[in-house]
Amino acid sequence: MIDLSGKPIAITGASSGIGRATALACAKAGMPVAVAARREDRLADLVKQIRDAGGRAIAVKADVVHQADCDLLVERAVAEFGSLYSIFANAGIGHEARIEKMSDADMRGIFEVNYFGTLNTLRPALPHVLASRGHILICSSCLSKLAMPYHGAYSATKAAQEHVARAMRIEMRSRGVKVSSVHPVGTATEFFESKAARTGTSVEQNSPPRWAVQPPERVADAIVRCLRRPRPEVWTTWVGKTVFSVTNLSARFTDFCLNRYAHRKPRD
Ligand SMILES: NC(=O)c1ccc[n+]([C@@H]2O[C@H](COP(=O)([O-])OP(=O)(O)OC[C@H]3O[C@@H](n4cnc5c(N)ncnc54)[C@H](OP(=O)(O)O)[C@@H]3O)[C@@H](O)[C@H]2O)c1
């Protein structure tokens, strides 16, 4: 088991949800934490909470769409903590619409944040993570395995992230760096409100059923377990992992099931 105390981590999308919960869980495990997002007031609260509990943390305002912001995050983390053990590319957005109704700007926009934002985040971190023989974490989704109707673009970004993680895992192995993708199922965060606001849909319509939603702390705890005992993929439920993974075995059966689901929730 890897002792995490004193091993610095940088986390994007840490102003709410999974990123915030992971920052708190990592700090509790003794990791110095550099937190990034666009909302500085949220980051300042988080840093205060970590420092008040005796941890080390810094905040860096960063929009992952901009390479220079991601460079600054890594630069500040290394300047403050002396090294970087782990990077968690977590910032992400959703979008709910029929594929044919998404504008080119919408389609490119979600890829800019979820996919290219991940690459922008990893790029400056890589030399430092290599030097520490550290751990790269990418927040994908259960939907990397299954394209949900009306979430085709989102699912595509999550599949792209998963494939980056899978390729890097093998590329990095001989150099001592661990690479894991994180696959949350429905998680109670601001994700659904942000998505509804962005796409003009209702929160009720585009949220998973209440019984299927887990708290972000559950994902955060699973991530800390993965940092301690590295594994290729982080899931919080074996049932979820199995159900989402077997959908790839039969497109016909999966279409049949999704067709029933899609017609329960009619859209424009
Ligand atoms: N919630 C779920 O059910 C679920 C399920 C599977 C996967 N995920 C994935 O989990 C990750 C975290 O989402 P969440 O559920 O925790 O949602 P969330 O509470 O909405 O958090 C998203 C975070 O990303 C940040 N962000 C968004 N756009 C950004 C940008 N351009 N640059 C920098 N930061 C940006 C937001 O901060 P600012 O607005 O302050 O920048 C926020 O901190 C995402 O990658 C999402 O796809 C979520």
Side-chain angles (χ1 to χ4, degrees), residues 10-25 33-47 59-73 87-96 108-121 137-148 151 153-162 164-165 181-199 203 206-220 222-223 233-237 240-241 244:
I11 302 174
T12 63
S15 60
S16 65
I18 292 167
R20 184 178 193 282
T22 304
L24 289 167
V33 186
V35 291
R38 295 165 302 176
R39 286 172 293 178
E40 283 182 287
D41 53 333
R42 297 285 201 94
L43 296 179
D45 286 350
L46 176 59
V47 165
V60 180
K61 184 181 180 190
D63 184 332
V64 295
V65 164
H66 303 307
Q67 183 66 67
D69 287 10
C70 300
D71 294 350
L72 184 65
L73 165 63
I87 181 85
F88 182 25
N90 165 71
I93 57 170
H95 196 106
E96 180 176 8
R108 289 180 191 277
I110 192 168
F111 268 88
E112 282 295 341
V113 178
N114 295 2
Y115 179 70
F116 291 105
T118 293
L119 299 181
N120 290 345
T121 303
L137 293 155
I138 298 175
C139 196
S140 177
S141 168
C142 58
L143 295 187
S144 67
K145 313 278 184 191
L146 167 72
M148 285 292 277
H151 296 84
Y154 176 73
S155 300
T157 64
K158 295 289 144 182
Q161 287 178 298
E162 179 188 332
V164 164
S181 49
V182 182
H183 299 263
V185 295
T187 308
T189 67
E190 295 172 14
F191 182 83
F192 301 101
E193 283 86 357
S194 311
K195 178 167 60 129
R198 189 173 309 105
T199 47
V203 180
N206 72 37
S207 300
R210 204 175 290 253
W211 58 264
V213 175
Q214 62 187 348
E217 290 74 21
R218 192 158 172 215
V219 183
I223 289 169
E233 295 186 354
V234 178
W235 288 82
T236 52
T237 134
K241 179 179 181 177
F244 281 96

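All values derive from a computational prediction rather than experimental measurement. Whatever order the structure lists them in is the order used to number ligands and atoms, beginning at 1.
At least one heavy atom of Ala62 sits less than 4.0 Å from an atom of ligand 1. Using 4.0 Å as the threshold, Ile93 has a heavy atom nearer than that to some atom of ligand 1. Put simply, no part of Asp69 is less than 4.0 Å from ligand 1, judged by heavy atoms.
Residue Gly17 approaches ligand 1 through these ligand atoms, each under 4.0 Å from one of its heavy atoms: 16 (O), 19 (O). Under a 4.0 Å criterion applied to the non-hydrogen atoms of Ser140, ligand 1 contributes the atoms 7 (C), 9 (C). Shown in contact with Gly186 at under 4.0 Å from a heavy atom are these atoms of ligand 1, numbered in order with element: 3 (O). Close contacts between ligand 1 and Val185 involve ligand atoms 3 (O), 5 (C) [criterion: under 4.0 Å to a heavy atom].
Summarising the geometry of Thr187 relative to Pro215, their closest heavy-atom pair is CG2-C, 3.9 Å, with the distance given to 0.1 Å. What you find for Asn114 and Ala91 is that their closest heavy atoms are OD1-O, 4.4 Å. The minimum heavy-atom distance between Val234 and Ile223, with the atom names listed, is CG1-N, 4.1 Å. Scanning both residues, Leu73 and Ala34, for their nearest heavy atoms gives CD1-CB, 4.1 Å.
For Asn120, the side-chain hydrogen bond (donor to acceptor under 3.5 Å, both in side chains) partners two or more places apart in sequence, or in a different chain, are Arg123. Qualifying salt bridge (Lys or Arg N to Asp or Glu O under 4.0 Å) partners for Arg38, counting only residues two or more places apart in sequence or in other chains: none.
Among protein heavy atoms, the minimum distance from atom 48 (C) of ligand 1 is reached at Ile18 CD1, 4.0 Å. Of all protein heavy atoms, the one lying nearest to atom 18 (P) of ligand 1 is Ser16 OG, 3.4 Å. Annotation: atom 41 (O) of ligand 1 to nearest protein heavy atom, Arg38 NE, 2.7 Å. Closest to atom 44 (C) of ligand 1, if we only count protein heavy atoms, is Asn90 O, 3.3 Å. Closest to atom 10 (O) of ligand 1 among all protein heavy atoms lies Cys139 SG, 3.3 Å. Protein heavy atom nearest atom 47 (O) of ligand 1, with residue, atom name and distance: Tyr154 OH, 2.6 Å. Of all protein heavy atoms, the one closest to atom 15 (O) of ligand 1 is Thr189 OG1, 2.7 Å. What sits closest to atom 32 (N) of ligand 1 on the protein, heavy atoms only, is Val64 N, 2.9 Å.
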side-chain hydrogen bond (donor to acceptor under 3.5 Å, both in side chains) between Lys158 and His151: does it pass, once the steps are laid out? CA-CA 11 Å; Lys158 295 289 144 182; His151 296 84; over 6 Å; no
Using side-chain hydrogen bond (donor to acceptor under 3.5 Å, both in side chains), reason through Gln161 and Ser181 one step at a time and then give a plain yes or no. CA-CA 8 Å; Gln161 287 178 298; Ser181 49; over 6 Å; no
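Evaluated by nearest non-hydrogen atom to atom 34 (N) of ligand 1, the leading choice among Ser141, Ala21, Ala91 is Ala91. Selection from Thr187, Ile110, Val219 by nearest heavy atom to atom 1 (N) of ligand 1 gives Thr187.
Checked by distance only, ligand 1 and Phe191 come closer than 3.5 Å through their nitrogen or oxygen atoms. Distances between N or O atoms of Gly13 and those of ligand 1 include at least one value under 3.5 Å. Looking at Cys142 next to ligand 1, no N or O pair under 3.5 Å apart turns up.
For the residue pair His183 and Ser144, a side-chain donor N or O sits within less than 3.5 Å of a side-chain acceptor on the partner. Side-chain N/O atoms of Ser15 and Arg39 include a donor and acceptor closer than 3.5 Å. Between the side chains of Ser140 and Glu162, no donor-acceptor pair is found at a separation under 3.5 Å.
Looking at Arg20 and Glu217, no side-chain N of the basic residue comes within less than 4.0 Å of a carboxylate O on the acidic one, giving no salt bridge. Using a cutoff of 4.0 Å between basic side-chain nitrogens and carboxylate oxygens, Glu233 and Lys145 are scored as salt-bridged.
Of all the heavy atoms of Ala14, the ones lying under 4.0 Å from any atom of ligand 1 belong exclusively to the backbone. At a heavy-atom cutoff of 4.0 Å, ligand 1 is contacted by no atom of Ala36, backbone or side chain. When heavy-atom distances to ligand 1 are checked against a 4.0 Å cut-off, Ala188 has no atom that comes that close, whether in backbone or side chain. When heavy-atom distances to ligand 1 are checked against a 4.0 Å cut-off, Lys158 comes that close only through its side chain, counted from C-beta outward.
Ring to ring, Phe191 and Tyr154 are close: their centroids are under 6.0 angstrom apart.
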